[in-house]
Protein chains: 2
Amino acid sequence: MVEVSRRQAIEDVASDLFRERGYAATSIRDIARALSVQGASLYAHVTSKEDVLWAIVDRAASRFEAAAERAEGEAERRRPGDPAEAVAALVRAHVEVLTGDVDESGVFVREWRSLGPERRSAVLARRDAYEARFRRHIHAGIALGTFEMTDPAIAASALLSAINGLASWYDPKGRLPAGRIADHLVDLSLRMLSSES
Amino acid sequence: MVEVSRRQAIEDVASDLFRERGYAATSIRDIARALSVQGASLYAHVTSKEDVLWAIVDRAASRFEAAAERAEGEAERRRPGDPAEAVAALVRAHVEVLTGDVDESGVFVREWRSLGPERRSAVLARRDAYEARFRRHIHAGIALGTFEMTDPAIAASALLSAINGLASWYDPKGRLPAGRIADHLVDLSLRMLSSES
DNA sequence: CCTACCGATCGGTAGG
DNA sequence: CCTACCGATCGGTAGG
């Protein structure tokens, strides 16, 4: 990857290390070593270690939000008011963001708890708003009879957990390409929700 | 909870803290403070910090394995060769272990990566063997036509991720009791797999 | 981006 | 279970 800035290079290396060993177990000097500079030199580009984590988590969150927004819009254009179409689009978009940058997404999924109190609760609120997209379509699908009666909150949590698990086992050089995995997860998700009529 | 031993008290407090802040972000002195003793005093009962993590992870793994073994046995006794019955029993057993001790299970699900290389790969192997139980029943169900055609490895990963997500959001004092949550997750799991015939 | 350095904290040991 | 202490490492600053 071509680095546009030193700051970006730091965040890329940090994403890799944070995902691999976790934020707390990664030191500023670990990041610096991977860039062949002294630890103290990083402070010319970042103000704190948490600052780097925040940049990664915030960018990942924005990517997920933007992709979901676009996916919902396109689903609505294709099949207005169709909850299955909307959920399928959301799942596919989520998988695409996740497989598009495993490091960044993995840090977002697993390491946001290491943020300070205000940022942590800000992330929690954004995650809840994101999950609410799924809850809304599940709720609508139940009302329409497209989806089986179920608890929308549990179904949405289970569904998102299922696809977020990908962050732990997806391997870009693995058996299946990202597109095929997305197909499978869309199928599994819809089957989990759909009524059998 | 009545503590049977000082060692057990240490592990209980450590489970709580490891789950809350993560292993790397929790110091031996944090654990000691929660027990109102000096940090160095803990070393009369444990040989290292990783030793404590290992005890927690190993015990949790054993609980999941034992529960799964029993669940498969009972399912086979009730409905021999019925993959749906087996998966339902496995999911229910898993949820019961998880909700039975959120701290221990949460550490097992999230913090096993902090173990040293040998222990980490031992845990990975046990997790794979555990997941293989699900894969086997899914494979059998597809062969029988009970389950929809799908990739058993992806389906098993997705299913386990979905229920493991519980470790992140289950609240013993929450809206729904553990039993009701288990019912929902069993339903969602079977629906995810079952063919619509 | 470097050297030099700060105070704090880490996991762990010695010896009682 | 305590006091006293070890060497190592931590995030971060000063001053160039």
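So you know, we letter chains A, B, ... as the sequences are listed, proteins then strands, and number each from 1.
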Task: Watson-Crick and G-U pairing of DNA chain D written in dot-bracket, each distance under 3.5 angstrom, with | for inter-strand partners - done: ||||||||||||||||
Open item on the list: Taking side chain to side chain contact (heavy atoms under 4.5 Å, CB included) as the definition, give me every residue that meets it alongside Asp183(A), ordered by chain and number, with sequence neighbours left out.
Closed with: Arg92(A), Arg180(A)
TODO: Please identify each residue that fulfils ring-ring contact (aromatic ring centres under 6.0 Å, His included) with Tyr170(B), with sequence neighbours left out.
DONE: none
Open item on the list: Could you work out, with ring-ring contact (aromatic ring centres under 6.0 Å, His included) as the rule, every residue matching His137(B), not counting sequence neighbours?
Closed with: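 With neighbours one apart ignored, the set is empty.
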Among residues at least two apart in sequence or on other chains, which ones pass side chain to side chain donor-acceptor pair (under 3.5 Å) with [X]?
X	answer
Ser62(B)	Arg126(B)
Asp16(B)	none
Glu69(B)	Arg133(B)
Arg6(B)	none

TODO: Establish, for the pair Arg59(A) and Phe108(A), whether the NZ or CZ atom is under 6.0 angstrom from the six-membered ring centre and no further than 45 degrees off its axis.
DONE: no
Task: DNA chain C contacts among residues 18-33 of chain A, heavy-atom distance under 4.0 Å - done: none
- [ ] For DNA chain C, determine which residues of residues 41-53 of chain B have any heavy atom closer than 4.0 angstrom to one of its atoms, and list them numerically.
- [x]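 Within residues 41-53 of chain B, the residues near DNA chain C are Tyr43(B), Ser48(B), Lys49(B).
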TODO: For the residue pair Phe64(B) and Tyr130(B), categorise the inter-ring angle as parallel (less than 30°), tilted (30 to 60°) or perpendicular (more than 60°).
DONE: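 The rings of Phe64(B) and Tyr130(B) stand perpendicular, inter-plane angle above 60°.
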Task: Any donor-acceptor N or O pair under 3.5 Å, side chains Glu131(A), Ser157(A) - done: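 There is such a pair between these side chains.
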TODO: Using distance alone, with no hydrogens and no angle criterion, decide if Ser105(A) and Arg63(A) have a side-chain donor and acceptor under 3.5 Å apart.
DONE: no
Task: Nucleotide interval of DNA chain D bounded by contacts with chain B (heavy-atom cut-off, under 4.0 Å) - done: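 Endpoints of the contacted stretch of DNA chain D: dC1(D) to dA4(D).
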- [ ] Only counting residues at least two apart or in another chain, list the ones meeting salt bridge (Lys or Arg N to Asp or Glu O under 4.0 Å) with Asp128(B).
- [x]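 With sequence neighbours excluded, Asp128(B) shows a salt bridge (Lys or Arg N to Asp or Glu O under 4.0 Å) to Arg135(B), given in chain and number order.
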